[in-house]
Amino acid sequence: MKYYSTRDVSKKSYDSAVVIKQGLAADGGLFIPEAIPTLTRENIEDLCAMSYPERAAKILSMYLTDYTYDELLADCKEAYSEDSFRGGAAPLCKVTDKLYSLELWHGPTAAFKDMALQIMPRLLSKALVKTGEDNTALILVATSGDTGKAALEGYKDIDRIKIMVFYPVDGVSKVQKLQMATQTGNNVNVYAIRGNFDDAQTGVKKIFADKDAAKKLLDNSYILSSANSINWGRLVPQIVYYVSAYCDMLNAKEISFGETVNVCVPTGNFGNIFAAYLAKLMGLPLAKLICASNENNVLTEFLRTGTYDRNRKFHTTMSPSMDILISSNLERLLCFAAGEEKTAGYMSELSSKGAYTVDNDTRSAINETFIGYCADETATAATVKKFYNEYGYLADTHTSVALNCAEQYLKESGDDKKIIVASTASPYKFAADVYRSITDTAADSDTDALAQLSELTNTEIAYPLRNLTERKVNFSEVIDPSEMLDVVYKFM
């Protein structure tokens with residue numbers, strides 16, 4: 001299996017180890033596979049009998065062909081162990097007759113990013129060996145909240161790897177901020193930036209594109225890589241849990257073999273829902289992919305009009321991991337639908353004008369699978385309250401955006417297929433907003449909200465978040481986006 005850049009008409013190919021090490025293509029594009037492997041009925045039947053680590057190793061081996069199956073299986077067993085994922089790696093919970101919550105947040109940081117970022121450091125570590133790399137990998141991460149902590153936890157104290165995380169100072173929850181600020185490890189560094197997530201993401205991309213910076217880093221025995229979903233090594237493990245969810249539905253006799261289901265994903269950077277798309281292309285019986293957005297509904301507008309326009313007001317919401325106006329992984333979908341030349345043109349327009357409009361053929365190809373809905377703050381809060389009061393299901397604010405959009409789709413479409421809803425964070429990660437949504441009153445503080453939510457709902461605080469306020473703060477510096485490269489050099 002080879003990979004090439006979404007912007008490269010010549011389709012120069014690379015092995016997966018090179019792609020995982022490099023992160024971003026030299027032309028600024030994202031790597032995609034030359035072909036999509038096929039899941040047969042026999043494959044799915046075999047997967048139904050496997051554990052989650054075995055399922056993960058099987059799917060990964062179809063894409064990462066320069067890794068051996070035994071290597072992948074050993075890494076998957078370590079990454080998705082019961083010690084790391086208490087309650088299972090990706091349990092599926094039936095919420096209503098039509099809605100099933102795929103809980104992806106039982107890992108060490110209580111967010112779905114753990115599903116990729118527990119395995120990705122192992123893939124990168126082996127990639128350094130496979131490519132004969134002698135330098136230290138410096139991981140740069142822009143985060144809207146969850147990726148940062150998950151990456152820090154996954155990469156801490158890994159040999160020959162250092163990691164820096166940048167997050168918007170006022171764009172993450174108090175719990176998310178504390179998780180990153182109290183991170184331990186001898187190879188980690190964290191900075192808050194004045195601005196929003198897009199400012200952080202743009203800053204990281206500029207550093208990757210800076211040839212002088214790359215030379216200076218290399219002169220000091222460092223190479224750059226990324227743990228964001230722009231890196232294929234971060235995205236490919238996400239395919240697994242959609243396949244696994246379908247197998248679990250079969251095993252539970254909630255569906256019959258070959259029956260199609262829909263998927264609804266709370267979406268920011270478009271990586272999670274794109275992984276579902278790849279699972280569908282492989283042959284998993286998925287129908288519609290419902291892209292759920294909050295008030296930053298740039299993706300909803302794009303899927304409904306064909307115009308992507310980031311020139312709009314940026315909203316800071318109770319679902320901050322979705323507070324994004326530049327959804328990087330949409331570029332991968334554009335390449336599948338429109339080809340490399342058009343994709344490069346669209347990305348150039350986005351960079352220069354902040355907007356682009358796809359042609360009718362591209363729009364039609366995308367709309368065969370994708371449909372967009374959004375939920376504002378009022379609807380999100382009401383959905384948290386409704387699902388707790390009516391179904392006894394406690395959902396975080398991001399999952400509630402998806403539950404609301406899934407219900408909108410069911411009502412408007414008349415489609416009665418069952419829907420897998422990606423549940424992307426523990427409700428305790430956003431306890432203050434969940435508590436306020438249920439009770440219509442504020443908790444005593446953002447951190448007190450964890451105990452108050454636990455008492456209110458008679459549920460346990462997610463284990464990674466217990467005693468969070470008692471941990472030592474190790475990172476508290478706030479910088480301007482223009483200072484990001486300087487602090488990279490300082491860390492180096």
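Small disclaimer: the values here were computed from a predicted structure and weren't measured. Heavy atoms only: backbone and side chains are in, while hydrogens, waters and symmetry mates are out.
Residues satisfying the side chain to side chain contact (heavy atoms under 4.5 Å, CB included) test with Asn458, not counting sequence neighbours, are none. Shown here are the salt bridge (charged side-chain N to carboxylate O under 4.0 Å, His left out) partners of Lys98, two or more places apart in sequence or in another chain: there are none.
Using a 4.0 Å cut-off between a side-chain N of Lys or Arg and a carboxylate O of Asp or Glu, Lys386 and Glu407 qualify as a salt bridge.
Taking the six-membered ring where the residue is Trp, Phe430 and His398 present tilted rings, their angle falling between 30° and 60°.
Counting only N and O atoms by type, the side chains of Gln179 and Thr109 include no donor and acceptor under 3.5 Å apart. Looking at Asp433 and Thr397, their side chains never bring a donor and an acceptor atom within 3.5 Å of each other. Side-chain contact annotation: Lys113 with Thr147, donor-acceptor N/O pair under 3.5 Å present. Neither side chain, Gln22 nor Tyr14, offers a donor N or O lying under 3.5 Å from an acceptor on the other. At a cut-off of 3.5 Å, with distance as the only test, a side-chain donor of Asp323 or Asn296 sits close to an acceptor on the other residue.
Contact detail for Arg332 and Ser229: the closest heavy-atom pair is NH1-O, 3.0 Å.
A cation-pi arrangement is present between Lys130 and Tyr67, with the terminal nitrogen or guanidinium carbon under 6.0 Å from the aromatic centre and inside a 45° cone about the axis. Seen from the ring of Phe257, Arg41 counts as a face-on cation partner, given the 6.0 Å and 45° thresholds.
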